Peer 1: 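Take this structure, written in structure tokens, and hold onto it; I'll ask about it next.
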Amino acid sequence: MSKKVLVITTSLRAHSNSEVLAEAFARGASEAGHETVLLSLKNKNLTYCRGCLVCQETGSCPIKDDAAAIAEQIGQAEVIAFATPVYYYEMSGQMKTLLDRTNTLYIKENRFEDVYLLSSAAEDGEMARLSGIAGLKGWIACFDKARFAGSVFAGGVKEGGDITGHPAVEEAYRLGLNL
């Protein structure tokens, strides 16, 4: 059965390693027959959440930027894959800002169930692999139907393009293919 898949790449660097993972996942999902959208945060205007909680009363955020449209896409997707570089053992700031701004989804009926993390880091250790997962799982825990469905990590990749030939690219493709 075809699913609506949203793949969000959060790196702002051109040709980033995490973006390559996102593209591989999206290609696999698309080839498997899923309706797949690859969305980049590059050139998006995302402002920090102010914590005003207006969204909890009205269902919409008073901040007028690109976050509302992205949150709407997240709420309509059945599968979400977030791709992020790991900086200082955590997801990128752009990804965290986006997750904070999806607070509007908390009081709405959402379709997403399976949430994946695709990450890359210069560091190749276990702490780098696990660090972004913890933050994402905290976000997922706020949504009853959502579950952490898996991850792909490419460690030891620093410069854009270092990921070429890394086994994580094929792993991300296969993960998307087997949704």
Side-chain angles (χ1 to χ4, degrees), residues 1-47 49 55 59-61 63-86 91-120 132-133 135-137 139-140 142-154 160 163 168-179:
M1 172 167 38
S2 179
K3 297 178 182 178
K4 288 184 78 168
V5 178
L6 178 62
V7 184
I8 301 174
T9 179
T10 68
S11 177
L12 303 182
R13 182 168 68 175
H15 312 294
S16 76
N17 295 309
S18 61
E19 185 174 58
V20 172
L21 293 175
E23 291 167 350
F25 184 94
R27 187 175 72 251
S30 183
E31 288 178 14
H34 300 292
E35 180 185 332
T36 306
V37 173
L38 179 62
L39 181 132
S40 173
L41 294 188
K42 285 184 201 122
N43 302 315
K44 300 292 186 201
N45 179 21
L46 296 177
T47 304
C49 177
C55 61
S60 64
C61 180
I63 300 171
K64 302 304 174 208
D65 62 6
D66 295 322
I70 297 169
E72 183 69 27
Q73 286 182 278
I74 290 171
Q76 294 302 310
E78 294 168 274
V79 176
I80 305 165
F82 290 100
T84 185
V86 173
M91 68 180 74
S92 69
Q94 306 82 253
M95 181 170 159
K96 177 62 171 120
T97 297
L98 175 63
L99 294 179
D100 289 348
R101 291 297 304 288
T102 62
N103 204 27
T104 57
L105 298 175
Y106 186 72
I107 63 169
K108 296 180 180 178
E109 188 66 33
N110 301 293
R111 296 182 70 195
F112 60 89
E113 294 181 5
D114 293 338
V115 182
Y116 295 88
L117 181 67
L118 313 168
S119 61
S120 63
I133 293 172
L136 183 58
K137 282 184 173 181
W139 179 79
I140 292 168
C142 296
F143 301 97
D144 292 335
K145 293 188 317 185
R147 72 179 185 98
F148 182 72
S151 67
V152 173
F153 174 72
I163 200 166
V169 177
E170 178 66 19
E171 188 180 348
Y173 167 76
R174 293 265 172 232
L175 196 61
L177 190 64
N178 292 312
L179 292 179

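Not measured: the values here are computed from a predicted model.
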Peer 1: What's the shortest heavy-atom distance between Lys42 and His15, and which atoms?
Peer 2: NZ-N, 4.4 Å
Peer 1: Is Glu78 salt-bridged to Lys4, cutoff N-O under 4.0 Å?
Peer 2: no
Peer 1: Provide the closest heavy-atom pair for Ala154 versus Ile163 in the form atom of the first, atom of the second, distance.
Peer 2: CB-CD1, 3.7 Å
Peer 1: Evaluate side-chain contact (heavy atoms from CB on, under 4.5 Å) for Thr102 paired with Trp139, printing each intermediate quantity in order.
Peer 2: CA-CA 10 Å; Thr102 62; Trp139 179 79; 2.8 Å; yes
Peer 1: Any Lys/Arg nitrogen of Arg27 or Glu23 sitting under 4.0 Å from an Asp/Glu carboxylate oxygen of the other?
Peer 2: no
Peer 1: I need the minimum non-hydrogen distance between Ser119 and Leu21, along with the two atoms involved.
Peer 2: O-CD1, 3.3 Å
Peer 1: Work out which heavy atom in Leu179 is nearest to a heavy atom in Lys3; give both atom names and the distance.
Peer 2: C-NZ, 4.3 Å
Peer 1: Is it the case that the side chain of Thr97 and the backbone of Gly93 share a donor-acceptor pair, with hydrogens and angles ignored and the cut-off at 3.5 Å?
Peer 2: yes
Peer 1: Answer with yes or no whether the side chains of Ser92 and Thr84 bring together a donor and an acceptor at under 3.5 Å.
Peer 2: yes
Peer 1: Has the side chain of Asp65 got a donor or acceptor atom that lies under 3.5 Å from a matching backbone atom of Thr47?
Peer 2: yes
Peer 1: Which is it for Gln94 and Leu12 under the side-chain contact (heavy atoms from CB on, under 4.5 Å) test, yes or no, and what are the steps along the way?
Peer 2: CA-CA 8 Å; Gln94 306 82 253; Leu12 303 182; 3.6 Å; yes
Peer 1: Check each of Thr9, Ile70, Asp66 against Leu41 using the side-chain contact (heavy atoms from CB on, under 4.5 Å) test, and report the only one that passes.
Peer 2: Ile70
Peer 1: To the nearest 0.5 Å, what is the distance between OH on Tyr116 and CZ on Phe25?
Peer 2: 5.5 Å
Peer 1: Return the CD1 to CZ distance between Ile80 and Arg111, rounded to the nearest 0.5 Å.
Peer 2: 11.0 Å
Peer 1: What's the spacing between Arg147 CZ and Lys137 NZ if we round to 0.5 Å?
Peer 2: 11.0 Å
Peer 1: For Asn178, I'd like to know if atom CG has over 12 heavy atoms of other residues, nucleotides or ligands within 6.0 Å.
Peer 2: yes
Peer 1: Could you pull out all donor-acceptor pairs under 3.5 Å where a side-chain atom in residues 103-110 meets a protein atom, sequence neighbours excluded?
Peer 2:
from	atom 1	to	atom 2	distance (Å)
Lys108	NZ	Gly59	O	3.0
Asn110	ND2	Leu105	O	2.9
Asn110	ND2	Lys108	O	3.2

Peer 1: Determine whether Val37 and Gln76 make a side-chain contact, defined as any pair of heavy atoms from C-beta on separated by less than 4.5 Å.
Peer 2: no
Peer 1: At their closest point, which heavy atom of Ser18 faces which heavy atom of Ala83, and how far apart are they?
Peer 2: O-CB, 3.5 Å
Peer 1: Looking only at heavy atoms, which two atoms of Leu136 and Leu99 are closest? And how far apart?
Peer 2: CD1-CD1, 4.3 Å
Peer 1: Around Asn45, counting heavy atoms of other residues, nucleotides and ligands shown, do more than 12 lie under 6.0 Å from its CG?
Peer 2: yes
Peer 1: Between Ile63 and Arg101, is any pair of side-chain heavy atoms under 4.5 Å apart?
Peer 2: yes
Peer 1: Given Leu117 and Phe148, is the side-chain contact (heavy atoms from CB on, under 4.5 Å) satisfied, shown in steps?
Peer 2: CA-CA 8 Å; Leu117 181 67; Phe148 182 72; 4.1 Å; yes
Peer 1: Walk me through it: do Leu98 and Phe82 pass the test side-chain contact (heavy atoms from CB on, under 4.5 Å)?
Peer 2: CA-CA 11 Å; Leu98 175 63; Phe82 290 100; 4.3 Å; yes
